[in-house]
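Some notes on the structure that comes next.
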Amino acid sequence: MRKIACFIGCILFLSACDKHDPILPGVRTAIFDAGSVTVLHENVPDLPETIDNPAPAACPYRQDSSNVIWRGDKKIFSGFPTSNSVKSDQSPVCSGRYVYAGLTTGELVKVNGQTRQIVWIADIYRASNLTGGASVLDIVAPIVLRGDYVYAGSIGDAFCKINAGNGAKKWCADIGTAMPFIVADNVVFVAGVDNHLYALRVRDGVAYWRAPIKNQAAPRYENKIISVGTQKFNAENGSEI
């Protein structure tokens, strides 16, 4: 009976998590859930010859596979370890006193490194991925800060633009990614785990175009050509060269 009660309790817990995950404290954004990606089949306007993706600022923090953020030997934040995560070299990103980190639980957190206060938490995954209890939700693609927003993608079928100040989602696209992505003024190039390259409109996350890719690799951009592994694409319309 005890085993049955425990099993039922786990089911109820997962069901509750389907719409709200109460584990970590602090202000959090509702779990993203959406259908398929909208593809316009349109050209990307005003593409530059090169896209400047500067290296992130020096960050004195590190994170381990148990979702703990450290500064030297001092714990700044403790998340929850997962048994079904993937190996990665994910590192926190710093901006002033704040540190942003993507966790193996699919959560993006902003923490005040001086006070250790959790400023906000955003769930970068679809709610449906929580059912079953064995989903891999890791955020392994490097987080990108641009102006007032932070871009993050997880393996859990979500790529999101988040307000860096309050953690509110500007938009999320139903795209999982494990690769570094490219952020320009009006477009984001993302290599999805579904083996498609996406050109997402910065203002709303709608795809100008998508193109099939043969291998998982970080996109590279030069002279309005975007490369993924050995494949090359016209960055304006997604046609393979």
Side-chain angles (χ1 to χ4, degrees), residues 21 26-40 42 44-48 51-57 90-96 98-103 105-111 118-129 137-194 196-210 218-219 221 226 235 238:
D21 179 357
V27 176
R28 68 187 303 122
T29 300
I31 295 172
F32 159 68
D33 208 356
S36 58
V37 179
T38 300
V39 183
L40 299 175
E42 296 179 359
V44 180
D46 304 320
L47 276 175
I51 295 176
D52 182 25
N53 275 262
Q90 176 66 289
S91 297
V93 176
C94 291
S95 178
Y98 299 107
V99 55
Y100 301 82
L103 309 181
T105 48
E107 291 154 317
L108 176 66
V109 298
K110 179 181 181 179
V111 181
I118 299 172
V119 182
W120 52 254
I121 304 158
D123 300 313
I124 313 296
Y125 53 85
R126 289 187 303 167
S128 57
N129 282 358
L137 305 174
D138 304 44
I139 298 175
V140 298
I143 298 163
V144 174
L145 284 168
R146 285 290 182 276
D148 296 329
Y149 294 95
V150 55
Y151 296 82
S154 81
I155 300 175
D157 298 327
F159 183 87
C160 301
K161 180 181 181 180
I162 306 292
N163 185 301
N166 59 22
K169 288 188 178 77
K170 177 71 174 175
W171 51 258
C172 281
D174 189 9
I175 301 168
T177 187
M179 293 292 151
F181 46 87
I182 297 172
V183 181
D185 289 339
N186 64 340
V187 64
V188 184
F189 294 104
V190 183
V193 296
D194 63 349
H196 282 84
L197 174 65
Y198 293 85
L200 302 180
R201 193 161 60 189
V202 161
R203 75 169 185 263
D204 57 11
V206 170
Y208 286 108
W209 54 258
R210 69 179 171 190
Y221 183 96
I226 187 158

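Because the structure is a prediction, the values reported are computed rather than measured. Any value given below was found using the heavy atoms of this structure, including those in side chains, with hydrogens, waters and symmetry copies removed.
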Within a strict 4.5 Å, meaning less than it, do heavy atoms of the Tyr198 and Thr177 side chains meet?
no

Which pair of non-hydrogen atoms, one from Lys110 and one from Tyr98, has the smallest distance, and what is that distance?
CE-CG, 3.5 Å

Distance in Å, Ile139 CD1 paired with Thr105 OG1, rounded so as to fall on 0.5 Å steps
7.5 Å

For Ala218 versus Pro180, what's the shortest heavy-atom pair and its separation?
CB-CD, 3.8 Å

Interatomic distance, Asp157 atom CG to Leu137 atom CG [nearest 0.5 angstrom]:
9.0 Å

Minimum heavy-atom separation for Asp123 to Lys169, with atom names?
O-NZ, 3.1 Å

Below 4.5 Å, heavy atoms only, C-beta onward: do Leu200 and Lys161 meet side chain to side chain?
no

Going through the checks in order, is the side-chain contact (heavy atoms from CB on, under 4.5 Å) test met by Tyr125 and Ile155?
CA-CA 8 Å; Tyr125 53 85; Ile155 300 175; over 6 Å; no

On a heavy-atom basis, the closest approach of Leu145 and Cys94 is CD1-O, 4.0 Å

To the nearest 0.5 Å, what is the distance between CZ (Arg210) and CG (Asp194)?
7.5 Å

In the structure I gave you, are the side-chain heavy atoms of Val202 and Val188 within less than 4.5 Å of one another anywhere?
yes

Contact summary for Arg146 and Val183, nearest pair of heavy atoms:
CG-CG1, 3.9 Å

Separation of Glu107 CD from Ile124 CD1 (nearest 0.5 Å):
9.5 Å

Taking Ser154 for its side chain and Gly106 for its backbone only, find out whether a donor-acceptor pair lies under 3.5 Å.
no

Is the shortest side-chain heavy-atom distance between Gln90 and Leu103 below 4.5 Å?
no

From CD1 (Ile162) to CG (Leu108), nearest 0.5 Å:
6.5 Å

Can you tell me if Trp209 uses its side chain to pair, donor with acceptor, with the backbone of Leu197 under 3.5 Å?
no

Check whether any side-chain heavy atom of Pro45 sits under 4.5 Å from a side-chain heavy atom of Asn186, and report yes or no.
yes

Give a yes or no on this: more than 12 heavy atoms of other residues, nucleotides or ligands lie within 6.0 Å of atom CG of Asp185.
no

Testing the basics here: between Trp120 and Ala164, what is the closest heavy-atom pair and its distance to 0.1 Å?
NE1-O, 3.1 Å

Output for pair (Thr38 OG1, Asp204 CG), nearest 0.5 Å, gives 9.0 Å

For Tyr149 and Val144, run side-chain contact (heavy atoms from CB on, under 4.5 Å): C-alpha distance rounded to whole Å, both residues' side-chain angles, the deciding distance at 0.1 Å, then the answer.
CA-CA 9 Å; Tyr149 294 95; Val144 174; over 6 Å; no

Take Phe181 and Phe159, measure what ring-ring contact (aromatic ring centres under 6.0 Å, His included) needs, and give me the verdict at the end.
CA-CA 10 Å; Phe181 46 87; Phe159 183 87; 4.7 Å; yes

